[in-house]
Amino acid sequence: MPKDRPELPPVEELLTAAVTALGGVERPGQVKMAQAVRDAVESEEHLAVQAGTGTGKSLAYLVPAIRHAAEKGEAVVVSTATIALQRQLVDRDLPRLADALEGLLPHRPEFAILKGRRNYLCRHKMAAGMPEDEDDQLFDPREVSATGRMVQRIQEWANETETGDRDEIVPGVSDQAWRQFSVTARECLGAQRCPSGADCFAELARERAGEADVVVTNHALLAIDAMEDFAVLPEHDVVVVDEAHELVDRVTSVVTGELSESTVGLAVRRAGRLIEQGVADRLQEAGEDLRALLAVAPPGRVDTLPQSLGMTLALVRDAAFACITALGPRNKDKDDPENAGLRKAAFTALDEVHDTAQRMLDAFGPAAGAGEAAGDATGEDAAGAAGDEEVHRAEVVWLEEGRGRIPPTLRVAPLSVGGMLRDKLFGDRTVVLTSATLALGGTFDSLARLWGLRTGEWTGLDVGSPFDHPRRGILYVATHLPQPGRDGLPEAYVDEIAELIEAAGGRTLGLFSSMRAAKAATEALRERLDVPLLCQGDDSTSQLVKQFAGDAATCLFGTLSLWQGVDVPGPSLTLVIIDRIPFPRPDDPLASARQRHVAATGGNGFMAVAATHAALLLAQGAGRLLRSMDDRGVVAVLDPRLATARYSGFLLNSLPPFWRTTDPAKVRDALRRLTAGS
Ligand code: SF4
């Protein structure tokens, strides 16, 4: 500890003060977690902590984090996956914690929230200093007027906002409308050169973050900070990654590149204002070739590079490079401040097109054209189907079908982000990773591998849950049902769901593996049951959850976002129904490529990718049931493979320790008793 800093109270004392001030009770799991975080920070060893719902895990990491910040005089970064948790930390937990600890620390703990630049209103763009890129892409007059209304709302809000933070706008606005008022970090002119630099919202947020003890951010910005050459977060030596089960997916999104007629078109429009027409036309023609090719290509993973696609990608890359050259030296802006914003925007779009096309070509490496045909590799039996080229492949390219105004889009992403995380995130700082769901199959190994951590570089701790799972919850697996098929929801499943809901008197959250299945179940059961049935998509998800929570008889059916985002304590949620084990779809290009890659390098691709993915989601879904100490209920999994398949042990060990049964009569009785007692 530096000599000039006063000795601080121990973590346990600070935690007790915080818990008392917040009106809570001391929980053994919380104390254990706070001590483990303190030890990890002191020993500079990475830590993974699983802390079940109700542990009070945010206080358990915030208290040692604040203590460390006060001791070292350096910020601790806390990263979250969802806006909901960010808000909970910044609006609720941190202000109350600062009040509670103020008298025990040398100064009142300061905190700030910092997001990526594109989340803040750009005053320079607002003052029409940059092009409005999207206008000429709008063809549907209804969309034009909807976007127009949002633009108007943003303009009104812009006159009043003190933070410029997009999340302040309620209800939210579309990306399309927001893009007209924001820039990416690459498009930003830099505060020194920007005429609005002195009042820039993003710069002000950075300034505030620079003075804070705790900086709350999201996984995307954490990844950008770790990977880019320039720092976006203040200097820090400790990071807490909450909702750490989402880290790999969020980081993968950040490093996924895309190429389509839209991305090329945007670069053409931006460059066309500044360079000779003939040079821009060349890129436009290459973009048209790409559009024609993607319009007829089958969606899915591109395993071998067809000659036509290889040639078109090279054409796009070279035409983008010609435009970049025609724009002249990048540092010319100081002689041409008028056009600085336009030039920066053009460089950004052209670099993106050039670099992504090159990256896609590189993905096929020297063995391009020699690979095997694409296939369904997500099934358990696909483990041995990989060829030699899979061993050397680092990235995967796939084509996504067009939807509405979004044209068919080529994407490229790394097969693994573990190496990147290991080098850039875990390299020179201590990282604490936490979530209610980290131990899959009873160990942290699956996720540690995905994070790129090796044995000996981290410790794992499961502080358990304050809930008495075996006494408060039942896990029911419907082994008498057939295995789920490819042709929608089997009739027997609909009958089973109806019987369970009748026994529970409504009170059901239905988590389906596809929107199709959720809708099919809703339609079939609305005719049969006399309880209100809501389906995701009927209204905004938050509105639906509110209705569901407000009326015990109401049921809510939906898919992915409900698996992780519903927090409804009390009798409104007594039964969670899961229709099938949520393996990635067989045509998920990234999951299937990752699975084949693991298999080609000697591992068990199915367990490392598909089973791990399913275990995480299952645990998250089952975690919706008990949200408070008084909750009781049933998690019903209709897919019999959870009890019978060879991998079922791994999945079952990933779930909370509920009492288990396969007897439908027992479960219905239990539900009737619960309903009668509530
Ligand atoms: S510094 Fe960048 S983000 Fe800020 S107003 Fe200027 S261009 Fe916009």
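Bear in mind that the values here come from a model prediction, so they are computed numbers and not experimental data. When a ligand or atom number is given, it counts from 1 through the structure's own listing order.
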May I ask you to list the atoms of ligand 1 that are less than 4.0 angstrom from any heavy atom of [X]?
X: Cys194; answer: 1 (S), 5 (S), 6 (Fe), 7 (S)
X: Leu189; answer: 2 (Fe), 7 (S)
X: Val183; answer: 3 (S)
X: Cys122; answer: 3 (S), 5 (S), 7 (S), 8 (Fe)

Task: Residue part near ligand 1, for Ala202, under 4.0 Å between non-hydrogen atoms - done: neither
TODO: Could you tell me whether Glu187 and Lys344 have a side-chain N and a carboxylate O separated by less than 4.0 Å?
DONE: no
Open item on the list: Under 4.0 Å between a side-chain nitrogen and a carboxylate oxygen: does that hold for Glu235 and Lys72?
Closed with: no
Open item on the list: Could you check whether any side-chain N or O of His236 sits under 3.5 Å from a backbone N or O of Pro234, counting only pairs where one atom can act as donor and the other as acceptor?
Closed with: yes
- [ ] Answer with yes or no whether Glu203 contacts ligand 1, where contact means a heavy atom under 4.0 Å from a ligand atom.
- [x] no
Open item on the list: Taking only non-hydrogen atoms of Arg123, do any sit less than 4.0 angstrom from ligand 1?
Closed with: yes
Task: Within 6.0 angstrom of Arg422 CZ, more than 12 heavy atoms from elsewhere - done: yes
- [ ] Quick one: sort the His354 and Phe321 rings into parallel, tilted or perpendicular, breaks at 30° and 60°.
- [x] tilted
Open item on the list: Assess, by modelled atom type and distance only, whether the side chains of Arg594 and Thr252 contain a donor and an acceptor separated by less than 3.5 Å.
Closed with: yes
